[in-house]
Amino acid sequence: MAGIFGILNKIKPVYDQIYKITLFLCKMLLIADILVATLTVAGRYIPFIPDPAWSEEVILSCMAYMTVLSGALAIRRRAHIRMTAFDKFLPEKLVTISDVISDIAVLVLAIVLIVVGWRYSVEIGSKGSYVSMPNVSRFWMYFAVPLGGIAMLIFQIEVLLENIEKLFAIKEEI
Amino acid sequence: MSVESTAILILLSSFFIMILLRFPIAYVVALSSLLTLLYQGLPLTTIVQQMVKGISSYSLMAVPFFITMGVLMGTGGISEKLIELANACVGWMRGGLAMVNIVASYFFGGISGSAAADTASLGSILIPMMVEEGYDADFSTAVTITSSVEGLLVPPSHNMVIYSTAVGGVSIGSLFLAGYLPGAVLAVSLMIGAYIISVQRNYPKGEKFSMSNLLKQLGASIWALASVLIVVIGVVGGIFTATESAAIAVIYSLIVSVYIYKGLDWKGVWKALESCIDTLSIVLILIATSSIFGYLLTRLHVPSLAANAIISFTDNPIILSLLLNFILLVLGCIMDMAPIILIAVPVLFPIATSIGIDPIQFGIIVVLNCGIGLLTPPVGSVLYIGTAISKLPMERVVKATLPFYICMIIALLLVTFVPAISLWLPSLFM
Amino acid sequence: GCGGQQSQEGKQESEGNSTSEEITLVYAEVNPPDSIAGKTAFAFKDKVEELSNGQIKIDVQASGVLGAENDVLDTMLGGGKTIDMARISAFALTSYGGEKSMLLSVPYTFVNREHFWKFANSDLASEFLLEPHENGKGVRGLFYGEEGFRHFFTVKPIKGIEDLKGMKLRVSADPIMTAMVEALGASPTVVSFNELYSALQTGVVDGAEQPIVNYKANSFYEVAPNLILDGHTLGAIQVIITDEAWDSLTEEQQNILMEAGKYASEYNRKISEETENQALDELKAKGVNVIEVNDITPWKEACKDVISSATEKYAELYQQILDMQ
Ligand code: NA
Ligand code: NA
C-alpha cells in the first residue's frame, strides 16, 4: 500500500503534463473545426476563398479525435455521468469497491479499443480513402479510436490506483 | 429462447446492472454492447466502426460550436448584457427568465431544428444566467432541456424529413406547417408548469416594467442581441445552414467579446476553451458510444419487435392511441430518434392510420414522443448535454425535470386526441 | 458469414426444426423499402427464399439503419461480419480502389436505359463486379440495377445549361461530381443531405441533383420545382456480398444467389422505368416545371475535360462501354 502511495506521488507531475498536452490537442481540434466551418461559409460568398469539398469530412474527423481524447480527460476529472443517487445510502467502502470494479471494466474496454481499433484502422486503411480526398487513407478516420483507447488507459490507471489506495485507507480506519 | 432474444436480454440486463453499479454511462453502453457482440460471435470491430459513425454526424457538429459560443458569451460580457435586457422585458414576472428560456427555444429551436443544438446554444447562455439571477441550477436545466423539444416541432426539423422518408413521402411542407401549433401547445404547457414552480419556490421578481429602461437596455445590448440575430437572419435568409450558423456565431461572439465589450483578451479566450472542452468531454463520448448500443438494438430488431407487440393487443382506438404513444416513449428511453422513426414507424403507421390518425398528425406525435425520449435516462443525449453544461449529477436534473415530463405528457395527449392542433394550419395553406 | 454461424446456434437452441441448417444473410439498404432499390432488395429476398425453400434467409435492413453507404462498406471491408450483403452505388467503390466501377458514374456516359442494360448484361460488367474481390477488398458484386438518371433541379426557373451559370449546386463530395458542376459553370456547394430541403428552401443552395424518384420522395419539388432532364449520370447500383459470406455457401447456394440476382436485376429494370415515369407524371400534375433537354451536346462538351481526365487510366475500357449503345 505504501508502495502505491509512493508511485502515485511520483507519477502525478507526469500525469499533469499528459493532461495538459491532451487538453492542448483538444483545443486545437476544436479551433480547427470552427475555422474550417467558417471557411466553408466564407468560401461560398468570397471568390478568392476556397470552398473545399473536403470540409465536411475534415470537420467530422477532427470531431472524432476531439471526442475520444476529451473523453479520456473526463476520466481524470472523474466527470463522467454516472448513477450516484444511492451513494449517500451506501457504506463508503462498498462505493469504493464498486469504483474499483468500474475502473477495471473501463481499463478492459480501453484495451479492446486499442487492439481492435488499431487492427480495424490498418485493415480498412489499406482498402479505402476519404471520399473527398482520394489521397488520404481511411486509416485516419478510425485511428481516433485506438488513440483514444490509449488516452483512456493512461488516465484510468491513475484513477484506479487512487481508488485502490482509498480502499486500503478505509480498511485501516475500521 | 432464440439467439436473438438471448442477445437482447444480455444487452439490456448488463446495461442496467452496470448502471446500477455506478459505471460511467458513456462506457456502460460500450461494455454491454461488447458483451453482446462476444455472445453473438460477432467481430468487436463493430464498436470501432459505430463509435466513429456516431460522432460523424454533420448536424451534431452544431453542438460543440454552440457550447463554445455560450462559454465565450458568458465570459466575454455578452450574456451579462442579455440578462439585463431580458430582465427589462420580463423581470416583472415571476419566473420571467424561465419564460424567456421557453419562448426563446420556440424561435431558436425553430432555427436549428435540433434539440441537442438548442440545448447546447441556449443552455450554455441561459443556465448560467438563470443561476446568477437566483434560480436553482437543476430547475434551470430542466426548463432548458424540456423546452428544447419545441425545436423538433417548429420547422425546419430534419426529423420531420426522416419521418417523411420512413412513411413513404408525406409532404414535408405540410409536416413543417403542422409543427407550429403543437410546438406552441408544448411551450404553453411548459410555461404553466414553470410558472407554478416559480411561485412555489419564490423565484426572483424584479422591478416593475418600464419602457424607458427597456429601451435603454436595448441600446446597451445591441451587439449582444446581434449575436442571436445573426444566426436567425443568416439561416432564414439562406446565407448559411443551421449547422454552419453555429460556427459563425462562435466567430461573432469572439469578435464582440474581445474587441467590443473587451471582457476577454486572447489569453482569456484560450482559457475559456478549456471550459468548452470540459463540457464536451462528457457529452461527445456518450453520443459516440451510444451509437454502438443503438446499432445493436437496431440489428436485433428491437424497435419492430416492440412495435409488433402492440398490434394484436386491442382494437379500441383510444387504447391503441395510448399504446402507440407508450411504445414510442419506451423506445425513446433507450434509443435515439432516427432509428426509432426509421424502424418502428413503418410498423406503427398502418395501425395509426387504421384508427383514423392522419399521417401528418402521426408525424407530430412520433416526433414529440421521440423528443421526450431525448430527455430520459438511460439514453438521452439532450438530458446529458444539459447535465454536462450545468455540472450537476444526472439524478438531480432528472428529478427537477419530473414536473416538466408531466407538462410534456399533457401536451402529447392534446396533440394525440385533438387532430386540429396539427392539421389546422396545413389545411389552410396546403 | 456471421449470419450462417448465428442461425446455426439458433437452430441448436430452437428444437423441432427438422430442415437442414438455415443461413441468414444480413442485407443493408440505404433507401426505404418502397424505393426502387428497396423493392429490388425485397424481390431478391423473396426469390432467394423461394429458390432455397427457406433455407437461405435474407434479412433486409432498409432505410439506412445500418449506416450510410460508406459506413456499410467500411463494415463489410473491415471484416465486420455484421453485414453480409449490401446495395451500393457503383461509384461508392471508387474510394475503396474500385477504379473500373468508377467509369459508370462518369457524366454523360450512358445515352439511355437500353445502353446501360446492354452494358449490365455484358461480360465486361461481370468483370467489373469481380474487381473488388480481385483487388483483395474482400467483397464481390452479384448483380446490377439502376435508380434512373440523375437530373438537376433548381429553385429559380431554368431553361437550359446557360442558366446554371453561377448557381450554387449541391452535389456529393465525390471529386468527379464536383468537377462536373464546376465545368457546367456553377459552384459546387457542400450541404449534408439532411439539411438539403431547408437549404433549398432558404436559398443556401440554388439547386441540387437526384434521380427523379428521390426528388419526389424527399419532397424536394416543394422547394425547388424546376427539374431539368439532363440525365448527367445514371444511378447505377450494385449488390455486393462479402467473400466470407460467399465462401460459406455451398456451390448450389451460390447458384441460387446468382439466379435470384438475375431475377432481381430484371425486376429492377422493369420497376425503375415504371416508377420513374409514374413519378414524372405525378410531378407534372403537381405543377413541377419539367424541362426536356433536346440536345445534350453542349452539356457533354462542357464536361469534356472532366470526362477525359476521369477515364484516362481506362480509356480503352471506357470506349468499350461507349460503343455498347
Ligand atoms: Na430552452
Ligand atoms: Na432516452
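Basis for what follows: all heavy atoms, side chains included, without hydrogens, waters or symmetry-related copies.
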Would you mind reporting whether A:M152 and B:Y27 have side-chain heavy atoms less than 4.5 Å apart?
yes
With rounding to the nearest 0.5 angstrom, report the NZ to CG distance, B:K53 to A:L60.
13.0 Å
Between atom CG of A:L113 and atom CG of B:L44, what is the distance when rounded to the nearest 0.5 Å?
10.0 Å
Kindly compute the distance separating CD1 (B:I55) from SG (A:C62), expressed to the nearest 0.5 Å.
12.5 Å
One option among A:A72, A:A105, A:G149 has the most heavy-atom pairs under 4.5 Å with chain B, and it is A:A105
Full working for side-chain contact (heavy atoms from CB on, under 4.5 Å) between A:S70 and B:I285:
CA-CA 8 Å; A:S70 67; B:I285 190 77; over 6 Å; no
Turns out that what part of B:I239 lies under 4.5 Å from chain A's heavy atoms comes down to both
Examine whether an atom of A:A64 lies under 4.5 Å from a heavy atom of chain B, and if so say whether it belongs to the side chain, the backbone or both; otherwise answer neither.
both
Which one of B:L31, B:L20, B:D278 has the most heavy-atom pairs closer than 4.5 Å to chain A?
B:D278
Can you say whether B:F65 sits under 4.5 Å from chain A via the side chain, the backbone, both, or neither, judging by heavy atoms?
side chain
Interface residue of largest heavy-atom contact number with chain A, from B:V250, B:I277, B:I25, under 4.5 Å
B:I277
Pairwise distance OG1(A:T40) to CD1(B:I248) - rounded to 0.5 angstrom
9.0 Å
Pick from A:V108, A:V112, A:D87 with the largest number of heavy-atom pairs that fall under 4.5 Å of chain B
A:D87
Interchain contact, A:V41 with chain B, by part (heavy-atom threshold 4.5 Å)
side chain
Chain B interface, residue from A:I124, A:V115, A:V145 that has the most non-hydrogen pairs under 4.5 Å
A:V145
If you measure from the Lys or Arg side-chain nitrogens to the Asp or Glu carboxylate oxygens, is any gap between A:R82 and B:E395 under 4.0 Å?
no
Mind running side-chain contact (heavy atoms from CB on, under 4.5 Å) on B:L280 and A:L30 for me, showing each step along the way?
CA-CA 10 Å; B:L280 292 174; A:L30 180 59; 4.3 Å; yes
Hey, are the side chains of A:Y45 and B:F240 touching, using non-hydrogen atoms and a 4.5 Å cut-off?
no
Report, as yes or no, whether the 6.0 Å neighbourhood of atom NZ on A:K12 holds more than 12 heavy atoms from other residues, nucleotides or ligands.
no
A:R119 side chain reached by B:T45 side chain, heavy atoms, under 4.5 Å
no
Can you tell me which portion of B:T387 sits under 4.5 Å from chain A's heavy atoms? Options are side chain, backbone, both or neither.
side chain
Using heavy atoms and a sub-4.5 Å threshold, report which of residues 74-81 of chain A line up against chain B, by residue number.
A:A74, A:I75, A:R77, A:A79, A:H80, A:I81
Report the distance from atom CE of A:M141 to atom OG of B:S56, rounding to the nearest 0.5 Å.
6.5 Å
Bottom line for A:V95: the part with an atom under 4.5 Å from chain B's heavy atoms is both
Which bit of A:I34 is near chain B, if near means a heavy-atom gap under 4.5 Å: side chain, backbone, both or neither?
both
Of all of B:Q49, B:M51, B:M18, which one pairs up most often with chain A through heavy atoms under 4.5 Å apart?
B:Q49
Give, for atom CD1 of A:I31 and atom CG of B:L273, the distance between the pair rounded to the nearest 0.5 Å.
5.0 Å
Only pairs of heavy atoms separated by less than 4.5 Å count here; which of A:S98, A:G117, A:A42, A:A37 has the most with chain B?
A:S98
Non-hydrogen atoms of chain B under 4.5 Å away: do they reach the side chain of A:D33, the backbone, both or neither?
both
Checking B:T289 against chain A: side chain, backbone, both or neither under 4.5 Å from a heavy atom?
neither
What part of A:V68 gets closer than 4.5 Å to chain B, counting heavy atoms only: side chain, backbone, both or neither?
both
Run the side-chain contact (heavy atoms from CB on, under 4.5 Å) test on B:R22 and A:D99 for me, step by step, so that the C-alpha distance in whole Å, both residues' side-chain angles and the decisive distance to 0.1 Å come before the verdict.
CA-CA 7 Å; B:R22 312 168 56 265; A:D99 278 341; 2.8 Å; yes
